[in-house]
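Below is one structure, written out as structure tokens; the observations come after it.
Only heavy atoms go into these numbers, but all of them, side chains included; no hydrogens, no water, no symmetry mates. Counting begins at 1 with the first residue of the sequence. Keep in mind the model is a prediction, meaning the values are calculated, not measured.
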Amino acid sequence: RIEALRRENDRKFHDSSLIVGSRPESEKLRRLIERGYGGIARNIIEMWLRTNDSEVEFLEILLRSNDSSATPQQRVSWAEEILEIERDNEIALESLLLLNEDLKGHSDRAEVPDKLIQLYPNNPKGRKHQFEEFVESGEFGRAVETCESILKNDPENEYALRQRPIIFTRMSRFEEAAYFWSEWLDFGKASIQDKFRAARAHYNSKHYSECISILMEILDQYPDKEKIIDLIIRSNYSLM
């Protein structure tokens, strides 16, 4: 009867007197998390915090742990506890941003992304959130500026490299879209669908040879072969 044993162990744990031990070593806790033992690291930290003052370092480790049993609300609580000690803490603000959907009822939740970006303009998750906000509101020019800003600090940022041609395509600026799609293809991480989008951008820019070259590469892999053949025919026709 496993459930009965667990209840009994929980009762014994909560009724037992607290054991005073030495302060856990942060590096060992991080190594536990890296090896997939986030739950054990969390247990050690919570045992320490039961009898000691809150420490930003330990709370940050909890926020960055891979413990799947930690609920979003617990993570919110850890982040807010950090902000009570350090109101501009980047890790706490970033965590609250990622937990935005779980912050209903928190009056200041709308201020979190703005504060994170204002204090830490190069924070990648803050930048990504800002980009998605611009796209959602149709501010495509500002979305492109955000991509450029990300790439200025991180030239190989895959998210920004891919989103830039997508936005230029949505703006119907096909020359720029074709150029940046080619850059994304050269990066070597493009999907089959991305390659088709790149070919379409080249077709719309009247780069018919480039369009055919990309399509021939994916002809046998693309799920809708008819679309590929149709665009190859039209590109060849346009080339006379």
Between Glu156 and Phe187, the two heavy atoms sitting closest are O-CZ, 3.7 Å
Between Asn157 and Leu151 the two heavy atoms that sit nearest each other are O-CD2, 3.8 Å
CZ (Arg162) and CH2 (Trp181) are apart, to the nearest 0.5 Å, by 5.5 Å
**Q.** Residues Gln193 and Ser191: side-chain donor-acceptor under 3.5 angstrom
**A.** no
Heavy-atom closest pair (Gly38 atom, Ile33 atom, distance to 0.1 Å) is CA-CG1, 4.1 Å
Q | Main-chain N/O of Arg234 paired to Ser238 side chain as donor or acceptor, under 3.5 Å | A | yes
- Report yes or no: do His202 and Ser235 form a side-chain donor-acceptor pair below 3.5 Å? no
Scanning both residues in full, the closest heavy-atom pair of Ile218 with Lys195 reads CG2-CD, 3.6 Å
Pair Phe168 and Tyr179, ring centroids less than 6.0 Å apart: no
For Arg197, does the CZ atom sit with more than 12 other heavy atoms under 6.0 Å from it, leaving out its own atoms? yes
Separation between CG (Asn89) and CD (Glu81), nearest 0.5 Å, reads 12.0 Å
Greater than 12 external heavy atoms within 6.0 Å of Met216's CE = no
Problem set entry | Cluster link Ile167 to Phe134, ILVMFWY, side chain under 4.5 Å | no
